[in-house]
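A quick note: this is a predicted structure, and the numbers were derived from the prediction, not measured. Proteins get letters first, then strands, A, B, ... in listed order; numbering begins at 1 in each.
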Amino acid sequence: MKLSQELAWRGFTNQTTLKDITVLDSEKITFYWGVDPSSNSMTVGNLAIAMMVLHFISHGHKAVLLVGGATGLIGDPDGKDEERDLKTVEEVAKNKAGIALQYQQIFAGQPFTIVDNYDWFKDFGYLQFLRDVGKHFSMTQLLQRDFIQSRIGQGGKGISYAEFSYSLIQGYDFLHLFRTKGVTLQVCGADQWGNSISGVDLIRKVEGGEAHIWSAPLVVNKATGKKFGKTENGAIWLDSSKTSVFDFYQFWLNADDQGVLDYLKIYTLLTKDQIDSLMGEFTQNPAGRAAQKALAYEVTKIVHGEAEAKKAKEATATLFSGEASDLTPIVQMPEGEHEVIEVLVKAGLATSNSEARRLFDQGGVKLNQQKVGSPRVTLKSGDLLQVGKRRFVKIS
RNA sequence: GCUGGGAUAGCGAAGUGGUCAAACGCAUCUGACUGUAAAUCAGACGACUUAUGUCUUCGGGGGUUCGACUCCCUCUCCCAGCACCA
């Protein structure tokens with residue numbers, strides 16, 4: 001399948017400055033994608049774009065992956081309704097390293113270059129920046145952006161000059177990469193369109209050059225109509241210390257029926273035929289959850305590797321039949337009789353005694369698949385303690 | 001700098017001297033029903049104890065009062081308008 005068709009079929013098309021998208025099929029170009037180091041890990045939101053980047057690479061385009069060391073020090077105001085606290089240099093450095101590592105994992109085996117915009121901003125003088133970059137931005141245009149309007153209008157939370165300037169920094173990134181690496185395309189999420197377009201204008205004004213943007217739509221959970229990738233525990237991270245491999249796998253396994261086709265197309269590299277056949281099976285027998293199972297396994301494989309994906313799959317199979325597995329968190333607890341409340345808190349299944357009591361009162365506590373009805377339980381090593389439907393802890 | 005408006009639990013938002021641990025909505029949690037889905041229904045949703053009691057909360061600090069989220073002073077931050085703008 002040609003790249004333009006692939007992108008369209010998988011649902012990666014949103015807005016682009018390209019008049020004719022088939023140039024992506026006929027020409028080999030260099031493009032870039034950037035991630036803001038506001039955390040030391042990407043989320044499944046970033047992963048969607050990463051998957052798209054993967055398709056660009058596999059169709060022969062050269063990838064430049066940017067970590068926003070400079071932009072991270074400022075903070076992207078886009079989509080935020082409130083000014084953010086500045087991160088320290090150390091924190092940004094740590095986050096950059098985390099993002100770069102994830103680039104290496106996701107794009108393992110593929111050709112790509114990683115750059116850091118801090119490298120070209122750290123010695124860029126303020127006056128120089130205003131003359132070279134600031135001069136080319138129209139205040140009227142900057143002020144008209146929706147999120148600026150919502151921040152400075154009545155009821156807005158205000159915005160500092162620093163965050164306001166974010167767009168200029170990102171715009172210059174594009175110009176710099178255009179000049180030094182021949183980058184002519186930026187790919188981004190739909191929410192970054194405004195920031196990205198400023199680079200296109202800048203390149204045209206300063207260099208008289210032509211550069212383009214390809215934006216992917218925000219992945220939306222069709223069942224709820226909300227941005228995909230958030231759960232009760234917050235965002236789903238790619239870093240296993242923030243979202244365990246098991247939770248990550250579970251997240252995908254619990255994908256809603258309506259959205260699972262979209263997610264398969266976006267988040268896996270399965271071919272059209274494979275996906276069609278999976279969906280056929282799934283439609284015949286929704287309860288078999290064939291589509292979700294494939295999705296969970298494939299995505300976990302891409303992010304955490306095949307071995308981890310297998311473990312998560314096995315853990316799931318055994319856990320729901322009542323056995324602990326390698327991936328079940330283990331809690332040290334002396335054998336013998338205990339207060340249920342106390343055990344729940346110590347096991348981290350409840351944050352306070354009140355919460356533990358509530359869970360117990362509402363019948364949400366199970367020990368080895370049996371509902372715990374008495375306030376005292378007898379524990380022994382190897383017991384499987386469960387709260388709700390899918391939170392497990394193994395006693396040792 | 002001046003004038004006015006505002007800051008309430010994860011978010012939004014009521015509450016203008018006691019009946020406020022604080023309405024309501026969203027989010028979240030548990031249960032029922034299911035397919036570890038969605039929808040629906042029921043309950044919970046500061047902490048400690050368990051019985052219906054104690055303690056800590058309504059931007060920070062101080063005060064008035066028997067008693068304050070509610071009144072006064074002050075500080076911090078936000079918004080709007082005005083003024084200033086070499």
**Prompt:** Out of B:A44, B:U30, B:C48, which has the shortest distance to the side chain of A:N353?
**Reply:** B:C48

**Message:** I'd like to know if A:Q362 reaches the base of B:G31 with its side chain, counting only an N/O donor and acceptor under 3.5 Å.
**Reply:** no

**Message:** Does a side-chain N or O of A:R390 approach OP1 or OP2 of B:U30 to a distance below 4.0 Å, or not?
**Reply:** no

**Request:** With heavy atoms under 4.0 Å as the rule, sort A:R358 into base, sugar-phosphate or nothing.
**Result:** sugar-phosphate

**Request:** Evaluate salt bridge (charged side-chain N to carboxylate O under 4.0 Å, His left out) for A:E337 paired with A:R376, printing each intermediate quantity in order.
**Result:** CA-CA 7 Å; A:E337 204 176 278; A:R376 295 185 72 84; 2.6 Å; yes

**Prompt:** Which part of the nucleic acid does A:L253 contact within heavy-atom distance under 4.0 Å: base, sugar-phosphate only, or nothing?
**Reply:** base

**Asked** When we call it a touch if two heavy atoms are under 4.0 Å apart, what does A:S352 touch: a base, just sugar-phosphate, or nothing?
**Response** sugar-phosphate

**Exercise: do A:D273 and A:T271 side chains pair donor with acceptor under 3.5 Å** = no

**Request:** For A:R358 and A:E355, run salt bridge (charged side-chain N to carboxylate O under 4.0 Å, His left out): C-alpha distance rounded to whole Å, both residues' side-chain angles, the deciding distance at 0.1 Å, then the answer.
**Result:** CA-CA 5 Å; A:R358 213 174 288 137; A:E355 189 185 340; 5.5 Å; no

**Item:** Minimum-distance nucleotide to A:Q258 side chain [options: B:G35, B:U30, B:A38]
**Value:** B:A38

**Message:** Once hydrogens and angles are ignored, does a donor-acceptor distance under 3.5 Å link the base of B:G43 to the side chain of A:D361?
**Reply:** no

**Message:** Is it true that A:T22 and A:K2 share a donor-acceptor pair across their side chains at a distance under 3.5 Å?
**Reply:** no

